[in-house]
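Keep in mind it's a predicted model, so treat the numbers as computed, not measured.
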Amino acid sequence: MQNIKIQASNVHVYYGDNHAIKDVSVDIQDNTVTSFIGPSGCGKSTFLRCLNRMNDTIDICRVEGNIDLDGENIYDRRVDPVQLRAKVGMVFQKPNPFPKSIYDNVAYGPRIHGTAAGRAELDEIVEKSLRKAAIWDEVKDRLNAAGTGLSGGQQQRLCIARAIATSPEVLLMDEPCSALDPIATAQVEELIHELRESFSVVIVTHSMQQAARVSQKTAFFHLGNVIEFGDTTQIFNNPKNKKTQDYITGRIG
Amino acid sequence: MTHSSLFASDKRTASRNRAEKRFRAYGIIAISVGLAMLAVLIFTIIRSGSSAFQQSFVSFEVMISQEEVDNAEKALLKTGVYQKIITANFEKAVTNAGIVTELSPKDQGKILSKRVASQLREFVLSDNFKADEPIAFQFLANSSIDGYLKGRVSREGLENNKNVSVEQLNFSDKLVEAGLLKKSFNIEFITGSDASENSPEAAGFGSAILGSFAMMIVVVALSLPIGVAASIYLEEFAPKNRLTDIIEVNISNLAAVPSIVYGILGLALFLNYLGPISANDWIRNNSPFVGGLVLALMTLPRIVIPTRAALKAVPPSIRDAALGIGASKMQTVFHHVLPLAMPGILTGTIIGLAQALGESAPLLLIGLVGFIGGEIPANVDQFFGGPNTVMPAQIYQWASRADPAFYERAWGGIIILLVFLISMNAIAIVLRRRFERRW
Ligand SMILES: Nc1ncnc2c1ncn2[C@@H]1O[C@H](COP(=O)(O)OP(=O)(O)O)[C@@H](O)[C@H]1O
Ligand SMILES: [Mg+2]
C-alpha cells in the first residue's frame with residue numbers, strides 16, 4: 001500500500017451558478033498513476049485544476065471542501081498558490097511551450113524558483129529533464145532553437161520536461177495526448193510509466209485504452225460526480241456501477 | 001440527372017465568378033483612388049513647400065572700422081546706423097561689380113531684408129568680429145525679391161504693389177547676372193524662429209520644432225508609463241466587476257472625445273485653476289509643458305486601448321503555462337505576456353503619440369500659437385516653460401497670415417512635420433519587426 005499524497009474530500013466546484021463538481025472525494029497515492037475518465041463536460045479538467053489551484057485564475061470559479069497535500073489543506077488561507085504549483089506541476093491539453101528557446105523553456109522553472117546554483121547546475125537540470133521527457137536526443141543539438149518550432153509531439157514532451165524541471169511531487173496532465181499522433185502518444189505513455197518512479201501522476205484522458213495502459217487507479221466521472229473509483233483493473237474488468245459499465249463498453253460517451 | 005461537363009461552367013458558378021471579379025475590380029479601384037489622392041497630396045505639398053527651404057541671399061563684403069562700431073553703439077537707434085553701414089558697403093559692391101542702376105543707394109538697400117541690420121550687429125558684437133577687415137556676408141533679400149526669384153512675384157500688377165518697384169526688379173536681375181544675388185539652401189528655416197508679419201523671409205520653423213519636442217517629451221513621460229501600467233493592471237490584475245466595466249466604457253469614450261475638449265479642459269484646469277495657485281512657472285500660457293499635460297490626457301486613452309488589445313491577444317495558454325510551473329502573476333505578465341504583446345503595444349502607442357504630434361486645435365486654446373515664439377529657448381526652463389509654439393500651430397499661424405511668402409513657409413513646415421511623422425511610423429515598424437523576429 002502506497003502513501004496517500006493528495007486526499008480530496010467532499011469537493012464542490014461552482015462556476016457561478018453552475019455546480020460543476022458535486023461532492024467528490026478521491027485519494028491520490030504516491031508513485032501511482034491515477035486516471036480520470038468520463039464523458040466530456042463532466043468535470044475532469046475542473047477537478048484536476050483544483051489540485052494545483054489553477055482554478056483561482058477563473059474569476060467565477062468557487063471551490064468548497066478539503067484537498068490535502070501531505071495532510072495540509074491547499075485551500076487554507078496561509079497557502080500561497082504560487083508555491084503550491086511548484087510542487088504540483090501541470091501539463092496542458094494543448095502543447096504550450098513559451099516562444100523562447102528550448103533551453104529557456106526548461107530552465108524557466110528552476111530559474112524563477114532559484115533551484116540551480118549556477119550555470120553548470122542549470123545545464124544539468126535541463127539535460128536531466130529533457131532526458132526524462134525522452135526528447136533529449138532530438139533536441140540536444142539545437143537547444144537554442146525556438147521551442148515553438150518543434151512538432152506537436154515534441155512540443156508536448158518539451159512541456160513535460162518543463163514541468164518536471166521544477167521537480168514537482170505531483171504531476172497533473174490534462175489529456176496530454178489528445179493533440180498527438182499515435183507514435184508520439186506511445187512515447188508520452190512510455191514516459192508516464194517512468195515518471196511514476198519519481199512522482200505521483202494524475203492524468204485526464206478520453207481514451208479508455210490509454211487509462212488501462214498507463215494507470216493503476218481510475219476514477220470515473222459523470223456529470224460532476226465520481227461514480228466509481230478504484231483499481232484500474234477492477235474498473236475495466238469488473239465495474240461495480242452500471243453507468244461505469246455502460247461508459248467503458250461505449251454505450252454512453 | 002443530366003450529365004454536366006466540368007469544362008463548361010454552370011450558371012451559378014458563372015455568376016459567382018462574375019461577382020468575384022466585380023468585387024476585385026471595386027477593390028482595385030478603391031486602392032487606385034486612394035493612391036492617386038496620396039500622390040496628389042505629396043506632389044502638392046512638395047511643390048508648394050520645397051521652395052521654403054531655399055532663400056534668396058545677397059552676398060557681398062562688408063568692412064567696418066572700430067570707430068563706426070563705437071558710434072553705432074552710442075546711437076539711440078543702433079540698427080539704423082548699422083543699416084547705413086550696410087547700404088554704403090552694398091553700394092560699393094554694386095559699383096565694383098560694374099552694375100549701373102538709376103536707384104539711389106538707399107533704394108538699393110531696400111531690396112535687403114529688414115533683418116539685416118540686427119544680423120550685422122549680432123555679428124559685430126560677437127567674438128568673431130575683426131575691425132577693418134573685409135567680411136564676406138550673406139544677407140537675406142526681402143520677401144518680394146525672394147518671391148520674384150521664386151516666381152511668386154511677377155512684373156504684372158506691380159503698380160498696386162507698395163513693397164517693390166519695377167526698378168528694383170530690374171536691379172535684382174542685374175544682381176543675379178553679376179552673381180551677387182542668388183537662391184541657396186536656407187538652414188535658418190529649419191533652425192530659426194518665427195519672425196514678424198513684415199519679414200517672412202526671416203521666419204524659421206526651429207522654435208516650433210523645439211516646442212513640439214519639449215511637448216512630446218512631456219506627453220511621452222506622462223502618458224506612456226501611466227497608460228501602459230494602467231492597461232496591464234486593468235487587463236491582467238484587476239478583478240472583473242462593475243467598477244472595472246465602468247472604467248472600461250469610460251476609457252473607450254474618452255478616446256472618442258474631440259481633442260478641442262481637452263484643450264478647454266487644459267485651459268480651465270491647468271491655466272485658470274492650477275496656474276495661479278502653483279509656484280511652478282512652467283504652468284502658464286503658451287508653455288510646451290502645459291501643452292504636454294493637455295495632450296498627455298488626450299493620448300492616455302489612445303494608448304490604453306491598443307495596449308489592452310495587444311495584451312488580450314496573447315494566448316491564455318501562455319499564461320497557464322507560466323502559472324502552471326509556479327510563476328507568480330507578476331512574473332507571468334512581465335516574463336511572458338508583455339514581450340509577446342510588445343509589438344502591438346509599440347505600434348498602438350506610437351500611433352497615439354503621432355496623433356499628439358500632429359494635434360493643433362487644443363493647443364490653440366492654451367496659447368501655443370506662433371508669433372509668440374520669438375526666440376530659440378536657451379535653457380531647460382525656457383525649453384519647457386517659456387512661451388513657444390508647436391509645429392502644427394505654427395503652420396496654422398503662417399497659413400493664416402496675409403503675405404503669400406508665409407504661405408510657402410506653411411507648406412515647408414508641413415514637409416518637416418510629415419518627415420517627423422513618417423520617422424515615427426518607421427520607428428514603429430522597425431520596433432515591431434525587431435520584437436516579432438524574436439521567434
Ligand atoms: N472556465 C469556465 N467557466 C465556466 N464554466 C466552465 C469553465 N470551465 C468548465 N466549465 C464548465 O464546467 C463543466 C465541466 O467542464 P470540464 O471540467 O472542462 O469538463 P471535462 O474536462 O470533463 O470535459 C462544464 O459544464 C463546463 O461548461
Ligand atoms: Mg477537459
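If you take CZ on A/Arg111 and CD on B/Gln331, they are separated by 12.5 Å, rounding to the nearest 0.5 Å. Residue B/Asp320 holds its CG atom at 6.0 Å from OG1 of A/Thr57, rounded to the nearest 0.5 Å. Put simply, OG1 on B/Thr332 and CD1 on A/Ile112 are 7.5 Å apart, with the number rounded to the nearest 0.5 Å.
Few gaps surround CZ on B/Phe237; more than 12 heavy atoms of other groups in view lie less than 6.0 Å from it. For A/Glu194, the CD atom is densely surrounded, since the number of other residues' heavy atoms within 6.0 Å is greater than 12. Within a 6.0 Å radius of OH in A/Tyr75, more than 12 heavy atoms belonging to other residues, nucleotides or ligands are found.
Interface residue A/Pro97: only backbone heavy atoms are found under 4.5 Å from chain B. Heavy atoms of A/Arg162 lying under 4.5 Å from chain B belong to its backbone as well as its side chain. Only the backbone of A/Val88 has a heavy atom closer than 4.5 Å to any heavy atom of chain B.
Considering all non-hydrogen atoms of both residues, A/Phe98 and B/Ala321 come closest at CE2-CB, 3.7 Å. Considering every non-hydrogen atom in both B/Ser317 and A/Lys94, the closest pair reads OG-NZ, 4.3 Å. Minimum interatomic distance between B/Ile318 and A/Pro99 (heavy atoms only, all atoms of both residues): CD1-CD, 3.8 Å.
Options B/Lys329, B/Arg319, B/Lys240, B/His336 differ in how many heavy-atom pairs under 4.5 Å they form with chain A, and the most are formed by B/His336.
Using a 4.5 Å heavy-atom cutoff, the side chains of B/Ser328 and A/Asp80 are not in contact. You'll find the side chain of B/His335 stays beyond 4.5 Å of the side chain of A/Asp104, heavy atoms only.
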